[in-house]
Amino acid sequence: MKDRVAVIGVGCTKFGDRFDASYEELICEAAFEAYADAGIEPQAIDAAYLGTYLPGPSGGKSAVSLGDALRLYDRPITRVENYCATGTDAFRNGCLAVAAGTADVVLVLGAEKLKDRGGRGLPRLGHPLLAKGNSAPGLFALAANRYMHTFGIGRDVLAAVAVKNHYNGARNAKAHLQMEVTIEKVLKAPLVASPFGLFDCCPTTDGAAAAIICRADLAPRFRSDFVRVKGFGLAVTSGRPYFDPTFDYLGFRSTQMAAQQAYQMAGVTPRDISFAEVHDCFTWTEISNTEDLGFCEKGQGGGLAVEGRTALTGDIPINPSGGLKSFGHPIGASGVRMIYECVKQLQGQCGERQIQNPTLGLAHNVGGPGAVSCVVVLGN
């Protein structure tokens, strides 16, 4: 797989309270920006993969929702759903199609409308008694409390992640939240699920993002600064880790295994990665994920943020886009949005938040909670 697929165009909507745009309009906004970036017409697309998580008001969202929005008919379109890894898994499936020779040019698009739902947050399913009333903040808070107790860290360490990601997001015109915060402001914010306060949690958001990929040998026809797919990995573990007596609440096995797959395919180690877009649905999640991805030992992820090593000018910048913390997490869109950021960083097009001379970028999602993870490594 290594270097057989290239990204030739990307697009991304403004993320946020997009009451002004329908689901279909968000799709069009992202797709046509990607078409323009690649310098192609829609007719050049051989196949498409749609990443979307929730059904719409009138029922399920199949591949037809992408076909109708873009008038992209008479070619294969596949809808992908895989918890919070929906977008990255859609990208992975598109890469497999290109590498297998079933399509030369593929559109991968992730989209989600969360703000127009009738309920709050994401719908929860599970055991009618043991899972009654649980929520994403509550479940991740269980793990965060165990981690903080084990390694002796306080909420100020979590707050350092929020401060960093809000700083980056304030320099990103497409982010939902474009404001800087202080440690004091984060610590004084209302609690959502202890130890998480308001600024430890990503917002509920609408958005869409797109990537156009093709055979690597065809990429120079479209542009000279195309980005190569170096490797990817996908791993699935139990969807009920909190019922597993061997689960230590200190990290996620799915991320560890998906990362190993991606590094092996790319022929690299964590030390070779220039920067990473990491799944920071909560501040603690970024800390744990940096460890599971191999950037440091278990228990040291918080120190990386406090010491400034994960900042834009650090030795392993994490979430230079502002992360989910600034963008929010419209489930199907997040992974493709991370791909967008990786490509723009590798092309040197990120302005104030540009990483110096990057060669390898990594995109990572984990969800379920912790049940499924997808990791993608991209490079020049």
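These figures come from a predicted structure and were not determined experimentally.
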Between Y147 and W284, how do the two ring planes meet: parallel, tilted or perpendicular, split at 30° and 60°?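 Answer is perpendicular, since the angle exceeds 60°.
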Within a reach of under 6.0 Å around [atom1] of [X], are more than 12 heavy atoms found that belong to other residues, nucleotides or ligands?
X	atom1	value
Q264	CD	no
R221	CZ	no
F226	CZ	yes
F222	CZ	yes

Under a single-linkage definition using a 4.5 Å side-chain heavy-atom cutoff for Ile, Leu, Val, Met, Phe, Trp and Tyr, are [X] and [Y] assigned to the same hydrophobic cluster?
X	Y	result
L218	Y35	yes
V268	F295	yes
V376	V336	yes

Pairing of [X] and [Y] as salt bridge, 4.0 angstrom limit:
X	Y	answer
K298	D292	yes
R253	D244	yes
K113	E24	no
R18	E25	no
D46	R215	no
E286	K164	yes
D206	K115	no

Distance, nearest 0.5 Å, that separates [atom1] of [X] from [atom2] of [Y]:
X	Y	atom1	atom2	answer
N165	F327	CG	CZ	11.5 Å
E29	T13	CD	OG1	5.0 Å
M338	H279	CE	NE2	6.5 Å

Checking E112 against T52: is there a side-chain donor and acceptor pair closer than 3.5 Å?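 Short answer, yes.
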